[in-house]
J.: 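Below is the structure I would like to discuss, written out as structure tokens.
Numbers restart at 1 for each chain; the letters A, B, ... are given by sequence-line order, proteins then strands. Every value quoted in this text rests on a predicted model; they were computed, and no experiment measured them.
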2 protein chains.
Amino acid sequence: MKPRAKLQSERLADKAYAVLRSQILKGVLPPGHALSVPELSRQLGVSRSPVREAVLQLVAEGLAREQAHKGAVVAHFSLEDALQILEVREVLEVASVRLGASRAAPEDLARLKQVLQAQAKALQESDFVGYQATDLQFHRLLGTLSHNPVLERMVGLLKDQSHLALEPAARSLAQLERGYHEHRSVLAALEARNAEGAGLALLKHFKRIRESLEGWLVTK
Amino acid sequence: MKPRAKLQSERLADKAYAVLRSQILKGVLPPGHALSVPELSRQLGVSRSPVREAVLQLVAEGLAREQAHKGAVVAHFSLEDALQILEVREVLEVASVRLGASRAAPEDLARLKQVLQAQAKALQESDFVGYQATDLQFHRLLGTLSHNPVLERMVGLLKDQSHLALEPAARSLAQLERGYHEHRSVLAALEARNAEGAGLALLKHFKRIRESLEGWLVTK
DNA sequence: AGTTTACATATTACATGTAACATGTCAAGG
DNA sequence: CCTTGACATGTTACATGTAATATGTAAACT
């Protein structure tokens with residue numbers, strides 16, 4: 001019956017992974033940046049073993065890629081990659097939301113509502129990076145609605161990849177606002193326990209994201 | 001301009017991974033079996049590093065689980081796990097097939113047909129394990145139809161997990177035959193480029209699998 | 001007997017050593 | 001100028017060392 005002071009995993013490998021993942025998603029480590037194991041082990045003040053493990057984890061989750069004898073780099077996604085990821089996200093998140101319409105607990109919906117409020121606040125303050133963080137949370141929460149951990153995990157993995165892939169296509173505030181309203185429609189349908197409607201609302205959201213991505217392409 | 005004699009990855013970690021994955025899927029390493037790194041490194045005649053890497057890969061792909069300080073074991077799935085995996089497989093494979101109805105190349109369909117022939121042969125010979133192998137191939141091929149590598153990878157990962165999860169529920173030959181005919185319906189619809197029909201046929205397949213799994217549960 | 005303690009064993013988690021390999025630089029040679 | 005090739009540097013991939021930790025077993029105590 002020990003007090004168990006350490007609730008965290010405490011493993012250096014996990015800590016290294018958390019640091020690297022966070023830095024990748026924040027853009028501190030941009031796509032293409034080399035993930036040199038000796039270099040990172042010096043920076044993090046640990047040996048190469050846990051760092052190697054962390055890098056492998058990132059590769060397995062699609063946030064980094066490695067080629068033989070050349071080490072890993074932060075993943076960088078082409079437009080085609082981004083569209084392919086979006087195609088799968090659409091399928092998975094729509095499924096999750098449709099299932100969630102009947103399965104979601106009131107707390108699940110409350111959490112969604114909370115995130116939407118944070119999102120509205122970020123919009124008011126034109127807090128671009130803040131919005132992106134809430135967007136990540138929102139779509140991860142959509143994954144939890146299904147109460148299916150397998151689905152939840154995949155939604156999370158793909159949202160992370162998407163975050164990285166869509167970062168260069170820095171969207172305008174106007175589009176962020178459209179995204180926010182589309183999110184609201186999804187929540188509204190969920191609160192009405194309307195699976196069909198929630199699925200359709202989310203489909204619209206993805207359709208618009210895809211179109212704006214293709215639109216951004218021509219400007220570039 | 002070297003001849004590049006070595007086309008395989010040649011990495012010991014990859015080879016160890018391939019061996020372990022194969023043994024897990026074949027049931028040589030049954031669910032719950034410990035994956036001791038020192039033990040495996042002795043058996044495979046390599047050092048612990050590549051073995052550790054292989055085990056991590058397996059954990060990342062859901063074929064093994066590890067708990068802190070106790071090492072990894074071959075994943076074992078509850079009935080609930082199996083149903084959750086099936087739920088996501090259904091969503092992904094149906095999506096892949098619907099997309100594939102328009103995107104699939106004739107070669108894709110030819111490969112499917114080939115696998116179905118092998119499947120018929122395995123049935124005739126009552127070759128149980130042979131059938132399982134073709135089943136794995138068939139569903140992996142469904143993933144390729146979409147020509148979306150992200151989707152393809154996820155379909156493959158989940159089919160592997162499913163294979164492991166459903167192994168204890170050794171299905172009867174009669175059910176294998178039903179599966180074969182359901183596969184045929186999917187291919188027929190695909191050859192007619194009928195997305196709707198192919199999706200529905202595959203949905204039926206999954207519905208029946210789920211029901212027979214629940215049926216098996218009560219006998220157990 | 002039943003619990004506890006101590007010891008032996010095995011494994012993880014992290015650290016470090018090292019050969020093979022890739023890449024960049026820079027000077028020699030065409 | 002351009003190419004070539006030796007050298008220096010840095011990295012991966014694999015091997016091995018080791019402290020902390022978990023587990024099994026047997027002796028010691030109640």
J.: Please report the distance, rounded to the nearest Å, between CG in Leu12(B) and P in dT18(C).
T.: 20 Å
J.: If you take the centroid of each ring, where Trp contributes its six-membered ring, are His163(A) and His139(A) closer together than 6.0 Å?
T.: no
J.: I'd like to know whether CZ of Arg153(A) has more than 12 heavy-atom contacts from other residues, nucleotides or ligands below 6.0 angstrom.
T.: no
J.: Can you measure Arg11(B) atom CZ to dA15(D) atom P for me and round it to whole angstrom units?
T.: 12 Å
J.: Show me the donor-acceptor pairs, under 3.5 Å and distance only, between side chains in residues 109-116 of chain B and residues at least two apart or in other chains.
T.:
residue   : atom : partner   : partner atom : Å
Arg111(B) : NH2  : Asp108(B) : OD1          : 3.0
Lys113(B) : NZ   : Glu191(B) : OE2          : 3.4

J.: Evaluate Leu99(A) against Asn148(A) for side chain to side chain contact (heavy atoms under 4.5 Å, CB included), listing each step before the verdict.
T.: CA-CA 9 Å; Leu99(A) 292 169; Asn148(A) 179 331; 5.6 Å; no
J.: What is the distance, rounded to the nearest whole Å, between atom CD of Glu39(B) and atom C1' of dA10(C)?
T.: 11 Å
J.: Report all side-chain donor-acceptor pairs from residues 58-79 of chain A shorter than 3.5 Å, counting only partners two or more places apart or in another chain.
T.:
residue  : atom : partner  : partner atom : Å
Glu61(A) : OE1  : Tyr17(A) : OH           : 2.6
Glu61(A) : OE2  : Tyr17(A) : OH           : 3.2
Glu61(A) : OE2  : Gln57(A) : NE2          : 3.2
Ser78(A) : OG   : Glu80(A) : N            : 3.4
Ser78(A) : OG   : Asp81(A) : N            : 3.0
Ser78(A) : OG   : Asp81(A) : OD2          : 3.1

J.: Considering only heavy atoms, which members of residues 41-67 of chain A lie under 4.0 Å from some atom of DNA chain C?
T.: Val46(A), Ser47(A), Arg48(A), Ser49(A), Pro50(A)
J.: Taking CG from Asp14(B) and C1' from dC14(D), how many angstroms apart are they, rounded to a whole number?
T.: 13 Å
J.: Tell me whether the rings of His205(A) and His183(A) are parallel (<30°), tilted (30 to 60°) or perpendicular (>60°).
T.: perpendicular
J.: Please determine if a side-chain N or O atom of Lys70(B) lies less than 4.0 Å away from the OP1 or OP2 oxygen of dT23(D).
T.: yes
